[in-house]
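What follows is a set of notes on a single structure, which appears directly below.
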Amino acid sequence: MSEGFKMVATVLGGLALFVYGMGLMSDGLKATAGEKMKAALAYMTRNRVCAILAGAGVTALVQSSSATSVMTVGFVNAGLLSLEQAIGVIFGANVGTTITGQIVSLKLSDLALPAVTLGVIGLAVARRTTTRGAWRTVLGFGLLFFGMNLMGHELKALAKLPGFIGFFSRFDCTPSASGFLPLGGVFGAIAVGTLCTMLVQSSSATIGITIALAEAGVINLWTAVPIVLGDNIGTTVTAALAAIGTNAQAKRTALAHALFNVIGTALLVLSFVLVFAGASGVSAPAFFHLVDACATGRGLAGENPGRHVAMAHTLFNIANVLVLSFFIPALARLCTAIIRAKDEARARSLEPKLLATPSLALQAASHALADMTRRAWTVASVALNSCLGKATVGPDAIEGAEREIDTLQGEIKAYLVEVSQRRLTAREAQMIPELIHCVNDAERISDIALRVYRKTSRGKGGFADVDVRRDVAQVASQVRAFAHATIRTVRSGDDAAFDPKTAEQNIRTSIRRITRASWADPRARGVQAGEAFAVLAVFSCLRDISRHLGNIAVRAPALR
């Protein structure tokens with residue numbers, strides 16, 4: 001085996017270990033931090049600042065802006081986030097991902113093999129999902145730095161090869177004596193960074209490679225910074241791929257991610273004209289002086305290049321967020337104008353891309369349950385309005401709506417089956433049967449609504465007697481309030497909103513009081529036997545609907 005081939009194979013092997021280790025870290029952190037991600041998702045709905053903080057926090061937890069951007073596209077497609085909220089999350093994700101570069105730039109290679117050893121031992125003995133996730137993170141950490149160490153060692157040898165030097169010299173961005181960077185070299189380096197990240201599908205990996213190249217002396221800080229800018233642009237391809245087949249809002253989210261990095265890169269490149277000689281006496285763009293001031297060592301003189309590359313990545317994204325966060329509404333309008341939709345499709349709550357993170361997939365299923373409960377109650381409300389003479393609806397319409405509820409029931413249950421096949425915590429495993437019970441209760445509400453419709457002459461005018469309508473309307477208003485409170489509880493998971501058992505008991509008490517007072521002897525009221533039977537059947541249906549609503553409301557807090 002030739003020496004050159006061996007070096008290339010070692011570099012590629014180190015890269016493979018680096019990427020695999022980073023993937024293990026991400027999977028492990030998602031397993032241990034699923035609940036924190038759910039909390040962040042709830043937090044990010046408040047305002048743009050909270051959305052940015054949530055995006056940065058989630059990305060710091062999962063160590064992947066690509067994962068966060070893919071999840072965010074899924075949230076928008078599922079209707080869990082608005083476009084402006086999603087843009088804020090994307091902004092934060094770009095800041096959060098810089099943590100990976102900062103970790104990689106630290107010289108922790110001595111901890112690599114001990115971390116690998118501990119990770120393997122921990123995985124061998126751990127049984128709980130969260131504990132295994134923690135040990136998987138430790139193993140990934142060790143493999144990441146072991147791969148980084150392999151790459152760095154061989155890159156120093158490769159840096160001496162004329163061909164290797166010749167390739168990177170084409171993109172050398174060393175400034176002239178006046179301090180200005182060559183535009184051709186800058187754009188070439190940006191293109192290299194963009195292409196590499198598009199191929200690797202991970203900006204963290206390409207940032208790691210850039211740091212390794214800088215540490216090995218293959219490239220200088222002047223060249224590394226434009227490559228980092230290209231890395232940020234290249235990572236938007238992952239979100240673009242995730243948006244394929246989604247609704248217009250999700251596509252706009254992916255577009256906003258791309259525009260954020262492209263606009264930020266353009267603004268920073270324009271700032272390179274702001275050149276001055278700092279305390280070091282080196283004439284350079286202001287951004288490089290800022291990087292040199294924030295990182296240890298004299299970066300403009302070639303000291304500690306890895307830390308300076310990581311700091312440049314962090315400062316670029318922070319500055320980008322500070323500038324563009326004021327224009328989130330305008331960016332949302334621009335994306336809406338670029339990606340138009342004649343007919344906005346209904347958001348699909350059961351987003352398949354969220355299955356990789358069960359806690360978030362279950363959140364999407366809860367959102368779908370709330371939508372299904374709302375639609376089931378709508379069918380019931382239409383049936384009640386029909387029997388009260390407030391609306392006229394044909395049998396095809398109400399039967400078709402009931403069949404849609406049946407379809408939703410099947411889709412949610414199938415989605416939950418897919419979630420159940422993933423690695424779940426004990427709490428996540430408990431949520432699945434609770435959700436299935438709630439879905440079945442919601443479907444029963446629509447079945448009962450169809451029964452109400454059929455019991456009242458299929459909507460042909462409803463009950464004729466004014467007193468009958470008054471009695472039914474009184475109970476129906478109670479059930480309506482109960483339904484709205486239940487739907488709110490399913491959406492929010494707030495168990496302090498109302499007491500479902502008390503609400504259900506109040507409805508039962510009202511039905512008992514009305515039937516005893518007014519329907520003990522229907523003939524005395526001049527009501528025909530058929531209509532009296534229909535009234536009692538409707539009361540029975542309302543009691544059954546309240547029971548199913550109560551089942552859902554009682555379980556709702558456990559679904560969050």
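The structure displayed is predicted, hence computed values, not measured ones.
- Judged purely by atom type and a 3.5 angstrom limit, Glu84 has no side-chain atom pairing as donor or acceptor with the backbone of Pro329.
- Partners of Phe316 by ring pair (Phe, Tyr, Trp, His ring centres under 6.0 Å), not counting sequence neighbours: none found.
- Of the possible donor and acceptor atoms, none in the side chain of Arg555 sits under 3.5 Å from a partner among the backbone N and O of Leu435.
- Thr197 approaches Gly234 most closely through the heavy-atom pair CG2-C, 3.6 Å.
- Shown here for Ala284 and Phe288, the closest heavy-atom pair between the two residues is CB-CB, 4.4 Å.
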Dump the intermediate steps for side-chain contact (heavy atoms from CB on, under 4.5 Å) on His484 and Arg488, then the final yes or no.
CA-CA 6 Å; His484 291 164; Arg488 285 196 301 271; 3.9 Å; yes

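- By the salt bridge (charged side-chain N to carboxylate O under 4.0 Å, His left out) test, Glu303 is found to be paired with Arg298, residues two or more places apart in sequence or in another chain being considered.
- Residues Ile227 and Val309 fail the side-chain proximity criterion, which asks for heavy atoms closer than 4.5 Å.
- Formation of a donor-acceptor pair under 3.5 Å by the Arg132 side chain with backbone atoms of Leu123 is found in this model.
- The minimum heavy-atom distance between Ile412 and Leu369, with the atom names listed, is CD1-N, 4.2 Å.
- In this structure, Thr206 contributes its side chain and Cys196 its backbone to no donor-acceptor pair below 3.5 Å.
- The closest side-chain donor-acceptor pair between Asp231 and Thr194, if any, does not fall under 3.5 angstrom.
- In this structure, NZ on Lys413 lies 13.5 Å from CD1 on Ile432, to the nearest 0.5 angstrom.
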Give the intermediate values and the outcome of side-chain contact (heavy atoms from CB on, under 4.5 Å) for residues Thr223 and Asn220.
CA-CA 6 Å; Thr223 307; Asn220 52 36; 2.9 Å; yes

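- One N or O on the side chain of His308 and one on the backbone of Asn304 form a donor-acceptor pair closer than 3.5 Å.
- Scanning both residues, Arg252 and Cys335, for their nearest heavy atoms gives CG-O, 3.6 Å.
- Side-chain contact check for Pro175 versus Trp222: some heavy-atom pair is nearer than 4.5 Å.
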Kindly indicate, with the supporting measurements, whether the criterion side-chain contact (heavy atoms from CB on, under 4.5 Å) is fulfilled by Ser325 and Ile52.
CA-CA 9 Å; Ser325 60; Ile52 292 170; 3.8 Å; yes

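- Contact record, Pro358 with Glu428: CB-OE1, 3.9 Å, taken as the closest heavy-atom pair.
- Distance check: Phe287 CZ to Asp292 CG gives 11.5 Å after rounding to the nearest 0.5 Å.
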Using the rule given for side-chain contact (heavy atoms from CB on, under 4.5 Å), can you reason through Val419 versus Leu424, listing the C-alpha separation, both sets of side-chain angles and the distance that settles it, and then say yes or no?
CA-CA 8 Å; Val419 176; Leu424 304 175; 4.1 Å; yes

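- No donor-acceptor pair under 3.5 Å is formed between the side chain of Thr97 and the backbone N or O of Ala93.
- Considering CD1 of Ile339 and OG1 of Thr253, their distance stands at 9.0 Å, rounded to 0.5 Å.
- Between Phe272 and Phe180, a ring centre-to-centre spacing not shorter than 6.0 Å is recorded.
- Note that CG of Asn232 and CG of Asn320 are 8.0 Å apart. Values are rounded to the nearest 0.5 Å.
- With rounding to the nearest 0.5 Å, the separation of CG in Leu362 from OG1 in Thr425 is 8.5 Å.
- Nearest heavy-atom pair across Ala189 and Cys173 is CB-SG, 4.1 Å.
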When you look at Thr235 and Asn261, which way does the side chain to side chain donor-acceptor pair (under 3.5 Å) test go after all the steps?
CA-CA 9 Å; Thr235 195; Asn261 286 292; over 6 Å; no

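- Between Phe260 atom CZ and Phe327 atom CZ the span is 13.0 Å, to the nearest 0.5 Å.
- Of the possible polar contacts, none joining the His257 side chain to the Ile87 backbone as a donor-acceptor pair under 3.5 Å is found.
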